[in-house]
Amino acid sequence: MTKTSTENKIAVHNLIENRWSPRAFADTPVEQEQLQALFEAARWAPSAMNEQPWRFIYATKDDKEAYERLLSCLVEANQVWAKKAPVLFVSVAKRTYDFNGNANGHAWHDVGMATANLVLQATDLDLHVHLMGGFSAEKAREALDIPEGFEAVAMGAVGYVGDPEGLPEQLKARELAPRQRKPLHEIVFNGKWEQK
Ligand SMILES: Cc1cc2nc3c(=O)[nH]c(=O)nc-3n(C[C@H](O)[C@H](O)[C@H](O)COP(=O)(O)O)c2cc1C
């Protein structure tokens, strides 16, 4: 399924245009090779001081116990639909620089960069990723043995798009709604804040 957007006046790359966050996932598993390609794409993201502060913990449905561990970190509202995705992951940020131990104020930014790479690579493989902030970082730390000095940033559900008919009514409506964005003039300023 391709999602429409409310407007499309300026052309952007197909990968950007075709990316969206589904809630309906197909049962089809994701091949290990493809999964590794997602993390390889993440690996090549830029980062402050080339620190590469990102870490990823993933689980596939092949390993039921590990999958349930990740699933249990999600809030109920996300579990409802994410439990169909064949792969779940948690992104994690290292909070300090390796070279001097100082706080890395860009760690979350750079985990976001790596995740964006991962998501676009997924799109190129006809996969979709639905990122989630609705999870417990504390629970993730405990359940997944995330050490001190690192913190869970977001979770993601990965898979092939499924049939929206299988979703609860409210989620189905959101699944089929066009994607919306703020207009460019609200988010981009030339030279100074709110220059017209
Ligand atoms: C950091 C982050 C946290 C998000 N948290 C959730 C979430 O907890 N549950 C959810 O259903 N979607 C979540 N989303 C998905 C957004 O709602 C979605 O990206 C946004 O509505 C735009 O839709 P699109 O990705 O289909 O273009 C999150 C996305 C990001 C990047």
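One-based numbering along the sequence shown. Counting convention: from 1, in listed order, for ligands and their atoms alike. As a basis for the values below, the full set of heavy atoms in this structure was taken, side chains included, without hydrogen atoms, waters or symmetry mates.
Within the structure, ligand 1 has Trp81 among the residues with a heavy atom less than 4.0 angstrom away. Using a non-hydrogen distance threshold of 4.0 Å, Gln180 does not register as a contact of ligand 1.
For atom 9 (N) of ligand 1, the closest non-hydrogen atom on the protein side is Asn78 OD1, 2.9 Å. The nearest heavy-atom contact from the protein to atom 1 (C) of ligand 1 is Ala154 CB, 4.7 Å. For atom 26 (O) of ligand 1, the closest heavy atom belonging to the protein is Ser21 N, 2.9 Å. Leu131 O, 3.7 Å is the protein heavy atom nearest to atom 29 (C) of ligand 1. Here the protein heavy atom with the shortest distance to atom 3 (C) of ligand 1 is Gly133 N, 3.1 Å.
Between Arg181 and ligand 1, a contact under 3.5 Å exists for at least one N or O pair.
Note that CD of Glu151 is 13.0 Å distant from CZ of Arg55, once rounded to the nearest 0.5 Å. Atom NZ in Lys172 sits 3.5 Å away from atom CD in Glu165 (nearest 0.5 Å).
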Problem set entry | Test log, rule side chain to side chain donor-acceptor pair (under 3.5 Å), inputs Gln36 and Gln32 | CA-CA 6 Å; Gln36 292 308 312; Gln32 256 307 321; 3.0 Å; yes
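The aromatic rings of Phe25 and Trp81 lie parallel to each other, with less than 30° between the two planes, well short of the 60° mark.
Near Gly134, with a cut-off below 4.0 Å to any heavy atom, the atoms of ligand 1 are 8 (O). Less than 4.0 angstrom separates some heavy atom of Trp20 from each of these atoms of ligand 1: 26 (O).
Separation of the Phe99 and Tyr97 ring centroids falls under the 6.0 Å cut-off.
With respect to Lys94 and Asp98, a salt bridge is recorded, a charged nitrogen being found less than 4.0 Å from a carboxylate O. The residues Lys139 and Glu142 are annotated as not salt-bridged, no charged nitrogen and carboxylate oxygen being separated by less than 4.0 angstrom.
Between the side chain of Asp63 and the backbone N or O of Ala66, at least one donor-acceptor pair lies under 3.5 Å.
For atom 21 (O) of ligand 1, the nearest protein heavy atom is 4.0 Å or more away. There is a protein heavy atom closer than 4.0 angstrom to atom 15 (C) of ligand 1. For atom 6 (C) of ligand 1, a protein heavy-atom neighbour is present inside the 4.0 Å cut-off.
The environment of CD in Glu31 is sparse: at most 12 heavy-atom neighbours from other residues, nucleotides or ligands sit within 6.0 Å.
Nearest residue to atom 11 (O) of ligand 1 from Met155, Met132, His130 is His130 (criterion: closest heavy atom).
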